[in-house]
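Everything on this sheet refers to the single structure shown next.
Residue numbering restarts at 1 for every chain, and letters A, B, ... go by the order of the sequence lines. Please read all numbers here as calculations on a predicted model, not as lab measurements.
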Amino acid sequence: MPELPEVEVVRRGLASWVAGRTIEAVDVVDARSVRRHPLGPEDFRGQLEGALVLDAVRRGKYLWLPLSDPDVPEARVHDPGAGPHTALLAHLGMSGQLLVEEPEAPDEKHLKVRLTLSDTLGMPRELRFVDQRIFGGLAVVPLVPTHDSGPGGRGDSDLPLIPGEAAHIGRDPLDPLFDPEAFHLRLRARRTGIKRALLDQRLVSGIGNIYADEALWGARLHYARPTDTLRRPETERLVHAVRDVMGRALVAGGTSFDSLYVNVNGASGYFSRSLDAYGRAGRACRRCAAAGEGGVIVRERFMNRSSYRCTRCQPVPRNARW
DNA sequence: CAGCCATCCTGGGGGC
DNA sequence: TGCCCCCAGGATGGCT
C-alpha cells in the first residue's frame, strides 16, 4: 500500500517525466476513478486537455500536478504574481499506480485513466492511472492559499498553494517544517492510543498501517499506548523510528511488496525484505533474537486492521487505549 | 470538538 | 472445478 515513501517516489518520477509536458488527450476508461471530480468525466477531460503540467507536489499521501491555465494565457503570463490556479489531484488509495509509459505499451488490466502527453525530445509518453480497488482517484481542483502550523503573520501571497482537499493534512516526519516538539505536545493533549494518532493524517501525515507498525516496533511501543502518557524521550524515539523506516524505504524506492504498487515507471522496489514487524506473525522478533531473548511477532485485530507487534519488547501497557 | 467506527471497493486465495 | 467468504486498508461521513 502506498504510504509516504512510495508516494514520494512517484512524485519524483512525475516531476522528471511529466512536468514540462502538455496534456494532449484524456481518456477516462472508468468514470469511478474520477468520481471525486464534481462536474463529471467530460468536464475532467475538458479541463485537462491542452493544459501544461508545471510541477509535481506532495502533501502527505496527496499528490498533485499544478497546471497552467490554457484558457487565460495573456492575462496570466503578464502577471508576475500569478501562479497556477488549478491542479490534477491524485490519491493512490490502496492500489493506485501512476505509470509513465510508451504509448505502444499494452493496456494494464485495471487501467482507469489515460493521459496522452506531448512528445518531448522524441520520447512520446502516456501517464496512466491504474487502480484495482478504486479507493484512489483523480480530480481537477483549484489551488488555494492555505495556512498550516508554520509561522504566521505572512500575507496571502506567501502561503503555500494547495488543494482544499489536502488543506487539513499535516506535515510529514521528513518535512523540514515538521515540529517534533509540537507533535509531542499534541500527542499529550490527545486521549487515544498511539497507533490511532499515527494514522491520523492531521497530526502527522504519510504514515499508513505498515509503517505505523514498523515505527512502533522500532520505538518499542505498543499500539494501544495512551498518547497522554508519552514521555518526551519516547516521542523522540518514535519520531526517530518513523524517520528511519521511511528514510530507508525512500532510498530503496518504496516497499511495493504488494505487487499492486509499482513506481512511476513501473519498476518494483524491494524494501519489503527489511520489514521487522509487519507480516511477520509467528516469526521471532529480530531484536529479541539478537539479544538471546524469545520475543515473537504476533498479529492482532485492531481498528479493523491487522497490527503486528513483539510480545516481549512491545508489551500491553497499563491503561491501554484500544 | 474529539474520538471512533462503518463503509467504500476488487480480486486473490483458502476451504470444501 | 466452482462457489463462497475472508482479507487487504486510506480516507471520509456520520455517529456518540
Figure out the [atom1]/[atom2] separation between [X] and [N], and round it to whole Å.
X	N	atom1	atom2	result
A:Leu198	C:dA11	CG	C1'	16 Å
A:Leu187	B:dG3	CG	C1'	15 Å
A:Leu199	B:dC4	CG	P	12 Å
A:Arg301	C:dC7	CZ	C1'	8 Å
A:Phe302	B:dC5	CZ	P	8 Å
A:Lys195	C:dG10	NZ	C1'	13 Å
A:Asp228	B:dG3	CG	C1'	13 Å
A:Met303	C:dC7	CE	C1'	17 Å

Looking at [Y] and [X], is there a salt bridge between them, counting it only when a charged N and a carboxylate O are closer than 4.0 Å?
X	Y	answer
A:Asp200	A:Arg196	no
A:Arg58	A:Asp172	yes
A:Arg191	A:Asp228	yes
A:Asp131	A:Lys112	no

Using a cut-off of less than 4.0 Å, is there contact between a side-chain N or O of [X] and OP1 or OP2 of [N]?
X	N	answer
A:Ser306	C:dC7	no
A:Arg299	C:dA8	yes
A:Asn209	C:dA8	no
A:Ser95	C:dA8	no
A:Arg191	B:dA2	no

Problem set entry | Minimum-distance nucleotide (side-chain atoms of A:Tyr278 versus B:dT7, C:dA8, B:dC4) |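 The listed nucleotide nearest to A:Tyr278's side chain is C:dA8.
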Problem set entry | A:Arg196, nearest nucleotide to its side chain (from B:dA6, B:dC5, C:dG10) | B:dC5
Problem set entry | Listed partners of A:Glu181 passing salt bridge (charged side-chain N to carboxylate O under 4.0 Å, His left out), at least two apart | A:Arg232
Once you apply a heavy-atom cut-off of 4.0 Å, does [X] come out as touching a base, just sugar-phosphate, or nothing?
X	result
A:Arg202	nothing
A:Tyr62	sugar-phosphate
A:Arg321	nothing

Exercise. Between the axis at one end of the helix from B:dA2-C:dT16 to B:dC16-C:dG2 and the axis at the other (five pairs apiece), what's the angle to 10 degrees?
Worked result: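 Between the axes fitted at each end of the helix from B:dA2-C:dT16 to B:dC16-C:dG2 lies an angle of 50°.
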Exercise. So, A:His91 versus A:Trp64, ring centres under 6.0 angstrom or not?
Worked result: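 No, they do not, as the ring centres are separated by 6.0 Å or more.
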For this session: Anything under 30° is parallel, anything over 60° is perpendicular, the rest tilted; go ahead and classify A:His222 against A:Trp322.
Result: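 Judged by the thresholds at 30° and 60°, the geometry between A:His222 and A:Trp322 is perpendicular.
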Exercise. Atom CG of A:Leu275 and atom CD1 of A:Ile297: how far apart are they, to the nearest 0.5 Å?
Worked result: 11.0 Å
Exercise. Rounded to the nearest 0.5 Å, how far does CG of A:Leu39 lie from CD of A:Glu42?
Worked result: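 Nearest 0.5 Å value for the CD-CG distance: 12.0 Å.
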For this session: Please name the pair of heavy atoms, one in A:Cys288 and one in A:Cys310, separated by the smallest distance, quoted to 0.1 Å.
Result: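 Closest approach of A:Cys288 to A:Cys310: SG-SG, 3.7 Å.
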Could you go over nucleotides 9-12 of chain B and give all protein N or O partners under 3.5 Å, atom names and distances?
| from | atom 1 | to | atom 2 | distance (Å) |
| --- | --- | --- | --- | --- |
| B:dT10 | OP1 | A:Arg32 | NH1 | 2.0 |
| B:dT10 | OP1 | A:Arg32 | NH2 | 3.4 |
| B:dG11 | O4' | A:Gln132 | OE1 | 3.1 |

